[in-house]
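Okay, structure first, notes after.
Note that the numbering runs from 1 along the sequence shown for the chain. Order of listing sets the numbers, starting from 1, for every ligand and every atom in it. Since this is a predicted model, take the numbers as computed values, not measurements.
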Amino acid sequence: MTANTLFYIIIAIILINFLVDKILDALNAKHFNDALPSELQDVYDEAEYQKSQNYKATKYKFGILTSTFSVVLTLGFLFFDGFEFVDNLARNYSENPIIIALIFFGIIMIGSDILTTPFSYYSTFVIEEKFGFNKTTKKTFFLDKLKGWLMSTILGGGILALIIWFYQITGSYFWLYAWGLVTLFTVFMNMFYSKLIVPLFNKQTPLEAGELRDKISAYAKTVGFKLDKIFVIDGSKRSTKANAYFSGFGSEKRVTLYDTLINDLNDEEIVAVLAHEVGHYKKKHIIFNLVASVLLTGLTLFILSLFISNPVLSNALGVEKHSFHIGLIAFGMLYAPISEITGLIMNVFSRKFEYQADDYAKNTYKGEPLITSLKKLNKNSLSNLTPHPAYVFMHYSHPTLLQRIQNLRK
Ligand SMILES: [Zn+2]
């Protein structure tokens, strides 16, 4: 295959991906005003419903703007040999392939982050602000950016440097070593994310002794689940939106509740949400997701190893001198349809798991408080209650609120 053909395949992938996305968004938007099913009539009152309609429309329009900007930017970069320009820039500073790759990705990442910052700024301080969600200060917003950069420089840079080093030493077998490294990193992050990374951004405090904690402990006992690590995180530092999640396994397993969740829900509803999270653990969804992501990474790295030495990858992006990092960019663009498909499959599993976790909560605790909690959470995030089925199929990791309520009442 010639570099020119490959170039146009990449362009086609980007355009088709963009078009499919926009068609799905438009389909979804056409159903924003659908009549609410009877089960969902009591989620919003009239004023809140109107507000949620405005929120959806605003986000939809803003989404068209940002995704168009990013596609135009990517295409511009491809048509005007942007990758070659940045590659040459990086080569001015070093002859070492690892250093060149690090500088190259540093420029690309920070450059694209700076270009998209006005959009995320507008989204946070204009849109989210207008609808009453935003609690982020400008200081927090920019500190988050800096910390994010620092983290990707250290973690991302470290992993990239090691992978290129493996490639230099072992040639096409590098993927096995890279796979081992990424697997170690993934498992480590799964175990210690809450302990090491979250504190950089948020405060976590153990849930204080009292009625709620007692109720949670009493429930955990009935299902034989050791749940001594319950933390409250200051989600309210950034947004009024609420959440709860499970992380880690073995002795590191813990449940994290947003302070906003504790504010919005009553004790019974919080226990029901926790029962759902315990369900994910008991039904082995956490392990399944971890194993699946490790296997998918292995597959991706293996396929990468088949192509990475071919200079046509770099040439397709207009770069004469083939290198691992340019090959990686081209591969990433060509692989997008495959990762789109694996993402879809993971969503199918994820939605199935949500039903199982809901069933677990219903069978070991109660269904009704989970229903009322889901209604409150949907109301408080002004979420769309009438998504288009195709949109749900492609994008939703959870079943719709209606589907979950119907399942919980079965
Ligand atoms: Zn869940």
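- Inclusion of Glu277 in the first shell of the Zn ion (ligand 1) is not supported: no N, O or S atom falls under 2.8 Å.
- Under a 3.5 Å cut-off, the side chain of Lys282 and the backbone N or O of Val223 do form a donor-acceptor pair.
- Within His276, the N, O or S atom lying nearest to the Zn ion (ligand 1) carries the name NE2.
- No side-chain heavy atom of Ser239 sits less than 4.5 Å from a side-chain heavy atom of Lys135.
- With salt bridges taken as basic N to acidic carboxylate O contacts below 4.0 Å, one links Lys215 and Asp267.
- Between Arg213 and Glu208, none of the side-chain N atoms (NZ, or NE/NH1/NH2) sits under 4.0 Å from a carboxylate O, so this pair counts as no salt bridge.
- The Zn ion (ligand 1) has no N, O or S atom of His398 inside 2.8 Å of it.
- Angle subtended at the Zn ion (ligand 1) by Glu354 OE2 and His280 NE2: 80°, rounded to 10 degrees.
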